[in-house]
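Each chain gets a letter, A, B and so on, in the order the sequences are listed, and its residues count up from 1.
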Amino acid sequence: MTDQDRSTSVDGAENLPEQMRVRREKRKRLLDEGVDPYPVTLPVTHSLAEVRAAHPDLPADTGTGDRVGVAGRVMFLRNTGKLCFATLRGGDGSELQAMLSRNEVGADSLTAWKSDVDLGDHVFVHGEVITSRRGELSVLADEWRVAAKALRPLPVTHKDLAEETRVRQRYVDLIVRDQAAETVRTRAGALRSLRDSFHRRNYIEVETPMLQTLQGGASARPFVTHSQAFDMDLFLRIAPELYLKRCVVGGIEKVFEINRNFRNEGSDSSHSPEFAMLEFYEAYSDYDSMAELTRALIQEAADSLFGTQVVTWADGTEYDLSGQWSTLTMYGSLSEALGSEVTPETSVQTLRKHAEDVGLTQLDPGYGHGKLVEELWEHLVGDHLYAPTFVRDFPVDTAPLTRQHRSEPGLAEKWDLYVRGVELATGYSELVDPVTERARLEEQARLAVAGDEEAMPVDEDFLRALEYGMPPCGGVGMGIDRLLMALTGLGIRETILFPLVRPE
RNA sequence: GCGCCAAUAGCUCAAGUGGCAGAGCAACUGACUCUUAAUCAGUGGGUUCGGGGUUCGAGUCCCUGUUGGCGCACCA
């Protein structure tokens with residue numbers, strides 16, 4: 001839209017929709033009358049919520065003698081001849097009624113109210129706190145002023161916006177749809193709960209680079225950008241892992257970060273190109289104790305937000321996050337689903353046969369043992385998991401930064417946490433042997449040279465860090481957006497305030 | 001990336017087989033001193049997403065572009 005230029009000129013507003021033209025004319029009229037439609041400050045003495053809290057059980061048709069100055073957005077107007085009502089809403093979502101009586105404000109002021117104030121405007125009202133005859137807590141105005149004139153009409157408040165408008169104009173969605181505002185608060189509450197949980201356990205929060213010189217820490221295609229000053233390409237990070245491990249080497253042995261990752265991939269109901277990630281590492285922990293901690297973090301978040309670990313989703317479904325969660329092994333559950341034993345020794349040929357038998361016919365011919373096992377598992381088991389489930393012990397060749405299983409050859413000490421069939425978190429006993437790690441990264445680098453855009457190169461500085469000695473360590477990555485999905489039942493684009501959309 | 005579906009008033013949505021583009025809310029004018037999505041009477045408001053085509057006639061059919069949703073593929 002380029003209509004900001006027209007706002008100063010009524011002439012230029014001719015081709016605007018009627019309702020926008022009318023509001024611009026009202027703004028201009030106020031200015032011509034010497035009234036600032038956007039005053040810099042107003043004598044607000046109480047929030048709407050504070051007024052409500054101060055008078056919880058006032059009987060109908062009662063005065064209090066309390067005089068307050070309040071402000072809010074006009075959500076509904078009910079103007080009669082000599083007595084007007086407006087529902088004001090404050091930034092915390094609380095509402096309070098304003099009453100304007102001709103006896104209190106005078107005929108001119110009441111006429112001005114009726115002609116100048118539109119739905120969506122912010123207004124300031126000063127007066128006595130009373131209840132109406134119907135019992136509605138109200139401020140009976142002795143003075144009122146426009147606090148901020150809205151130039152666009154509010155959408156209908158009792159219907160949701162179309163989905164595209166909700167995402168493109170979230171600011172309007174937040175005004176109109178309670179669920180949108182509620183989701184923002186739920187997300188903030190979940191983040192606060194996570195930080196509280198970590199601080200109780202003496203974790204240190206850090207921030208590590210978003211601009212990285214090497215792609216690493218996960219298998220994903222990165223976004224590439226360019227530094228003019230350094231004259232070099234940089235990657236937006238796909239994961240903070242390699243820096244958080246450097247922290248552990250340096251002695252920050254209980255460390256977490258909550259920040260954005262960027263992956264150059266498509267989006268759907270559970271994927272977004274930029275997404276919030278929690279990663280945490282703890283020295284002398286392993287994937288078992290990290291699974292316990294992960295469960296505690298999620299359950300504490302549910303308790304903190306809703307006072308229960310049986311959460312109710314937006315569609316009314318109850319989802320039980322309480323108690324212990326079930327555990328499967330990848331090979332065990334896959335063998336059971338196939339009705340045929342699969343182990344780390346099972347040949348690629350046999351796995352391909354299994355894949356064809358279950359209808360997975362267009363798998364990349366370059367897939368090795370581990371990737372085939374994962375594909376089969378996701379198809380036969382993962383997609384059908386509903387209750388929270390830890391899936392343990394992955395093929396070692398799919399987890400280049402993970403320690404070999406302490407007793408089972410060919411396996412890595414890695415788990416994935418599935419909630420409602422979506423991968424919510426992944427945990428590891430971290431690989432800390434620099435020599436083994438170098439061999440793993442060199443293999444990754446070979447894949448990268450061969451054209452695998454998701455494989456990482458050898459990060460010499462990271463290997464140097466490991467060579468100084470990294471203590472035994474457990475690590476976890478958890479998608480914050482997906483945690484919100486698990487807690488609310490919403491799609492990922494509802495949990496992200498401003499998801500990426502193409503420009504209009 | 002491939003397939004299917006959609007885009008109409010400020011907002012949410014209607015308009016069998018091609019035949020005067022409508023409703024609710026919102027807006028405008030008037031009435032109303034206790035309303036709660038106030039009520040009553042009246043009025044205005046449209047590049048039917050953009051471009052091209054078929055037709056006497058296109059919101060509707062065809063081609064094309066843009067944007068979005070869903071499914072599949074990839075990823076967490």
Taking B/G10 as the reference, what is the distance to B/G53 when you measure between their P atoms (whole Å, please)?
28 Å
Check each of A/Leu278, A/Thr186, A/Ile480, A/Leu484 against A/Leu191 using the side chain to side chain contact (heavy atoms under 4.5 Å, CB included) test, and report the only one that passes.
A/Ile480
Those residues at least two apart in sequence (or on a different chain) that pass side-chain hydrogen bond (donor to acceptor under 3.5 Å, both in side chains) with A/Asp357 are A/Lys353
Going by the salt bridge (charged side-chain N to carboxylate O under 4.0 Å, His left out) test, which pairs reach into residues 92-118 of chain A, not counting sequence neighbours?
A/Lys26-A/Asp118, A/Arg29-A/Asp116, A/Arg89-A/Glu95, A/Asp118-A/Lys149
Quick one: A/Glu378 CD to B/C72 P, roughly how many Å, whole number?
14 Å
So the side chain to side chain donor-acceptor pair (under 3.5 Å) pairs with at least one residue in residues 156-165 of chain A (sequence neighbours excluded) are A/Glu164-A/Arg168
Please confirm whether the shortest side-chain N or O distance from A/Arg502 to OP1 or OP2 of B/G68 is below 4.0 Å.
yes
At under 4.0 Å between heavy atoms, which parts of nucleotides 25-33 of chain B does protein reach? Answer with one letter per nucleotide, 5' to 3': B base, S sugar-phosphate only, - none.
BBSS---BB
Between A/Glu375 and A/Ser132, who's closer to the 5' end of RNA chain B by nearest nucleotide?
A/Ser132
Look at A/Arg392 together with A/Asp288 and state whether they make a salt bridge at an N to O cut-off of under 4.0 Å.
yes
Under the side-chain hydrogen bond (donor to acceptor under 3.5 Å, both in side chains) test, which residues partner A/Arg440, sequence neighbours left out?
none
Distance, P atom - from B/A21 to B/C13, rounded to whole angstrom:
23 Å
Electrostatic pair A/Glu430:A/Arg403 at N-O distance under 4.0 angstrom:
no
Rounded to the nearest angstrom, tell me the gap between atom CZ in A/Arg78 and atom P in B/A37.
7 Å
Set of side-chain hydrogen bond (donor to acceptor under 3.5 Å, both in side chains) partners for A/His55, sequence neighbours left out
A/Asp66
Identify, with sequence neighbours excluded, every residue that meets side chain to side chain contact (heavy atoms under 4.5 Å, CB included) alongside A/Ala337.
A/Leu380, A/Val381
Determine the Euclidean distance between corresponding C1' atoms of B/U8 and B/U48; express it in Å to zero decimal places.
4 Å
Is there a residue in residues 479-495 of chain A whose heavy atoms reach under 4.0 Å of RNA chain B, and which residues are they?
A/Arg482, A/Arg493
Spacing of A/Ile130 atom CD1 relative to B/C34 atom P, expressed in whole Å
13 Å
Taking CG from A/Asp160 and C1' from B/A37, how many angstroms apart are they, rounded to a whole number?
15 Å
Given atom CG of A/Leu417 and atom P of B/A76, what is their separation to the nearest angstrom?
15 Å
Go ahead and write out RNA chain B as dot-bracket, 5' to 3': ( ) for pairs within the strand, [ ] for ones crossing earlier pairs, | when the partner sits on another strand, dots for unpaired; Watson-Crick or G-U wobble, both distances under 3.5 Å.
(((((((..((((.....[..)))).(((((.......))))).....(((((..]....))))))))))))....
Of the listed B/U36, B/C75, B/C11, the closest approach to the A/Tyr367 side chain comes from B/C75
Determine the interatomic distance between C1' on B/C72 and the same-named atom on B/G22; round to the nearest Å.
39 Å
How far does the C1' atom of B/C25 sit from the matching atom of B/G59, given to the nearest Å?
23 Å
Mark yes or no for a side-chain to base donor-acceptor pair under 3.5 Å between A/Glu136 and B/U36, with no hydrogen or angle criteria applied.
yes
For atom C1', what is the distance between B/C2 and B/A73, given to the nearest Å?
8 Å
Looking at B/G68, I'd like to know if its phosphate oxygens (OP1 or OP2) sit under 4.0 Å from a side-chain N or O belonging to A/Arg168.
yes
Mind checking if A/Met277 touches a base, just sugar-phosphate, or nothing, with heavy atoms under 4.0 Å?
nothing
Residue list, side chain to side chain contact (heavy atoms under 4.5 Å, CB included) with A/Thr208, at least two apart or on another chain
A/Val206, A/Arg237, A/Pro240, A/Tyr243, A/Leu244, A/Glu257
Hey, which sits more toward the 5' end of RNA chain B by its nearest nucleotide, A/Ser267 or A/Ser270?
A/Ser267
One thing to verify: whether A/Glu494 and A/Arg166 come together as a salt bridge, which I'm taking to mean a side-chain N less than 4.0 angstrom from a carboxylate O.
yes
Between B/A26 and B/U36 - P atom distance, rounded Å
13 Å
A/Glu95 atom CD is separated from B/A37 atom P, nearest whole Å, by 10 Å
Counting just side-chain N and O atoms, does A/Lys414 come under 4.0 Å of either OP1 or OP2 of B/A76?
no
For A/Ser193, the side-chain hydrogen bond (donor to acceptor under 3.5 Å, both in side chains) test, sequence neighbours excluded, returns none
Results of ring-ring contact (aromatic ring centres under 6.0 Å, His included) for A/Tyr281 - residues two or more places apart only:
none
What's A/Ala425 touching, base or sugar-phosphate or nothing? Going by heavy atoms closer than 4.0 Å.
nothing
Could you state the CZ-P distance from A/Arg263 to B/C74, rounded to the nearest angstrom?
17 Å
Given the C1' atoms of B/A37 and B/C5, what is the spacing between them in whole Å?
33 Å
